[in-house]
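Read the structure below first, then the notes.
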Number of protein chains: 4
Amino acid sequence: MESIQVGNFKFSLDLSKPLYEQVLQHIRQAIARGDVQLGTKLPSVRDLALQLKLNPNTVMRAYQELDRDHLIETRRGQGTFITSDYETVDQVKKALASEAVIAFVSSMEKLGINRLAAETLLKEVVWHEYCD
Amino acid sequence: MESIQVGNFKFSLDLSKPLYEQVLQHIRQAIARGDVQLGTKLPSVRDLALQLKLNPNTVMRAYQELDRDHLIETRRGQGTFITSDYETVDQVKKALASEAVIAFVSSMEKLGINRLAAETLLKEVVWHEYCD
Amino acid sequence: MESIQVGNFKFSLDLSKPLYEQVLQHIRQAIARGDVQLGTKLPSVRDLALQLKLNPNTVMRAYQELDRDHLIETRRGQGTFITSDYETVDQVKKALASEAVIAFVSSMEKLGINRLAAETLLKEVVWHEYCD
Amino acid sequence: MESIQVGNFKFSLDLSKPLYEQVLQHIRQAIARGDVQLGTKLPSVRDLALQLKLNPNTVMRAYQELDRDHLIETRRGQGTFITSDYETVDQVKKALASEAVIAFVSSMEKLGINRLAAETLLKEVVWHEYCD
DNA sequence: GTGGTCTAGACCACA
DNA sequence: GTGGTCTAGACCACT
């Protein structure tokens with residue numbers, strides 16, 4: 001799993017998920033995390049595809065989906081830009097966070113792990129992470 | 001999303017993921033949760049397929065993947081049985097739990113949400129759940 | 001994999017191969033190895049099935065195949081007996097041995113392992129076995 | 001038993017074992033033997049199926065099992081490739097070789113053939129092979 | 001009766 | 001174009 005830096009974005013792609021989805025997620029997370037300034041220009045589809053060694057269609061699809069969520073906007077002849085609307089970014093961030101939380105709680109329930117045990121597990125992981 | 005009860009198993013299938021995987025997960029979770037007794041016979045491939053309105057091959061694939069993880073074992077001409085080895089079950093349960101925890105923590109990190117904020121989110125969800 | 005002693009025969013059954021074949025092999029090997037005296041009476045089908053917790057049909061099939069090779073013979077109303085013909089036993093033994101040798105050499109060839117390397121591997125295994 | 005050449009692979013299929021397993025083994029052995037270069041593209045599922053006169057599903061199953069062992073990797077929409085990781089190949093090769101050796105030694109023991117006699121048999125076979 | 005293999009053919013997602 | 005999933009239905013081996 002190689003990691004490639006393009007502008008302010010860091011991409012690491014593997015085969016476990018669709019490539020367009022991974023590209024999409026990396027960009028979305030960078031925006032949500034605040035790693036990139038709102039209103040900034042994104043690399044062109046062709047450029048990013050070249051650097052990530054991907055088919056332009058793959059990058060295009062990632063951009064399209066981000067556009068659909070209004071996280072980025074394409075201006076004819078000028079390129080693709082990150083939205084300037086903080087509200088949108090915040091909403092997306094909250095939605096993603098909420099999704100992750102729900103997925104986690106749901107997993108614990110499906111495995112029959114109660115809240116206390118789940119919290120213990122969480123602490124263990126956080127603890128291990130600090131060891132790295 | 002209809003829910004179907006077969007023996008001690010409850011299945012609810014949708015189209016978001018491969019059917020065989022959903023069947024697999026339901027059975028695996030039931031075993032991990034301790035809902036079914038170890039060593040018990042599973043419904044036959046044909047039987048489960050009939051009740052879930054699936055093709056036998058789809059059910060079979062779920063069974064085969066569980067077999068590879070040693071959570072179930074197939075005895076020629078007799079049927080398919082849940083493993084009697086508690087160790088295996090426990091390991092699988094721990095692996096699944098750990099996977100979920102790591103996915104959650106990773107999501108939070110990718111979104112730039114720190115531990116405190118993450119915990120707050122978790123509590124909110126639990127609170128909402130009680131409302132349902 | 002539990003091991004069960006019945007008369008002079010030791011059976012250890014698993015799920016990797018057909019049960020009737022495993023029963024057949026255990027008996028055949030015991031005869032080839034000289035562990036049981038020629039002309040001796042075998043346990044009855046019902047008896048062996050009971051002790052091995054198998055379906056009588058399974059044991060029956062094993063006996064039938066051994067009968068086909070004239071390694072055992074069933075005498076109406078008296079039971080099943082190991083052949084008294086040493087020639088037959090010797091031929092079967094040689095055939096099985098030859099089969100094993102050919103399988104081994106074939107495997108090595110298919111993996112592109114030459115004779116020298118194969119011999120080295122063989123010695124390693126034998127050496128490890130002595131450690132046990 | 002006809003033999004079919006496809007790219008750098010030679011397939012000869014019979015009815016003694018599942019077809020998907022034979023396909024799997026031929027590819028695995030070719031990789032272990034070093035007959036094909038690591039990182040190379042395999043024939044597409046449909047293509048190989050066509051040439052071997054098999055159903056695509058049969059070929060796919062062979063590919064999937066090889067994928068699980070990390071001997072090959074499938075890249076969405078692009079095709080199936082032999083792993084580039086020499087380590088994995090080497091491990092698999094060693095495992096297969098070891099398996100064959102153990103099977104052989106075990107057979108000899110079960111037949112009550114001692115080491116010296118086994119070595120004699122081995123030499124005979126090699127001798128016969130040169131006659132062919 | 002059980003599971004396992006195989007075929008034929010449809011439909012989908014991805015690049 | 002690629003692989004992945006699913007169905008329908010046949011046939012086989014084992015118990």
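Order of the sequence lines fixes the chain letters, A, B, ..., with proteins taken first and strands second; residue numbering starts at 1 for each chain.
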- With heavy atoms under 4.0 Å as the rule, sort C:L54 into base, sugar-phosphate or nothing.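 No contact at all - C:L54 keeps every heavy atom at 4.0 Å or more from the nucleic acid.
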
- Message: Any base atoms under 4.0 Å from B:R61, or only sugar-phosphate, or nothing? Heavy atoms, all strands.
- Response: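 Since only primed, P, OP1 and OP2 atoms lie under 4.0 Å of B:R61, the category is sugar-phosphate.
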
- Query: Between A:E21 and B:T74, which has a closest nucleotide on DNA chain E that is more 5'?
  - Reply: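 Counting from the 5' end, the first nearest nucleotide belongs to B:T74.
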
- Message: Go nucleotide by nucleotide along DNA chain E from the 5' end; which of D:N55 and D:R76 gets its closest nucleotide reached first?
- Response: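 It is D:N55, whose closest nucleotide lies nearer the 5' terminus.
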
Specify the separation, in whole Å, of atom [atom1] of [X] and atom [atom2] of [N].
X     : N      : atom1 : atom2 : result
A:L52 : E:dC14 : CG    : C1'   : 17 Å
B:M60 : F:dC11 : CE    : P     : 16 Å
D:Q78 : E:dC14 : CD    : P     : 14 Å
B:L50 : F:dT7  : CG    : C1'   : 14 Å
A:L15 : F:dG4  : CG    : C1'   : 15 Å
A:L19 : F:dT2  : CG    : C1'   : 13 Å
C:L24 : F:dC14 : CG    : P     : 11 Å
B:F81 : E:dG1  : CZ    : C1'   : 12 Å

- Task: Respond yes when some side-chain nitrogen or oxygen of D:T58 is under 4.0 Å from OP1 or OP2 of E:dC6, and no when none is.
- Result: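 Answer is no, no contact under 4.0 Å.
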
- Counting only side-chain N and O atoms of D:Q64, is one of them less than 4.0 Å from OP1 or OP2 of F:dT5?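 Result: yes.
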
- Nearest nucleotide by nearest heavy atom, which residue falls closer to the 5' end of DNA chain F, B:Q22 or D:D47?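 Nearest nucleotide further toward 5': that of D:D47.
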
- Do B:R46 side-chain and E:dG1 base share a donor-acceptor contact under 3.5 Å?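 Flag unset: no donor-acceptor pair detected.
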
- Message: If you go through the side-chain atoms of B:N57, does one of them form a donor-acceptor pair with the base of F:dG9 closer than 3.5 Å?
- Response: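 Side chain to base: pair found, below 3.5 Å.
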
Rounded to the nearest 0.5 Å, what's the gap from [atom1] on [X] to [atom2] on [Y]? Could you check?
X     : Y     : atom1 : atom2 : answer
A:Y20 : D:R76 : OH    : CZ    : 9.5 Å
A:D67 : A:T80 : CG    : OG1   : 8.0 Å
C:D35 : C:H26 : CG    : NE2   : 11.5 Å

- Item | Proximity to the side chain of D:Y20 - top-ranked nucleotide from F:dT15, E:dT2, E:dC6 |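 So the nucleotide nearest the side chain must be E:dC6.
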
- Query: Of all the choices, F:dC6, F:dG3, E:dT2, which nucleotide is nearest to the side chain of B:P18 once you look at every atom?
  - Reply: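 Given the options F:dC6, F:dG3, E:dT2, the side chain of B:P18 is closest to F:dC6.
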
- Task: Classify the side-chain pair A:K17/A:Q25 by whether it contains a donor and acceptor separated by less than 3.5 Å.
- Result: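 Per modelled atom types, A:K17 and A:Q25 side chains form a pair under 3.5 Å.
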
- Whom does E:dA13 pair with, Watson-Crick or G-U wobble, provided both distances fall under 3.5 Å?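 The base-pairing partner of E:dA13, which may sit in any strand shown, is F:dT2.
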
- Message: Can you confirm whether D:Q37 is buried at CD, in the sense that more than 12 heavy atoms of other residues, nucleotides or ligands lie under 6.0 Å from that atom?
- Response: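 No, the 6.0 Å shell around CD holds no more than 12 heavy atoms from other groups.
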
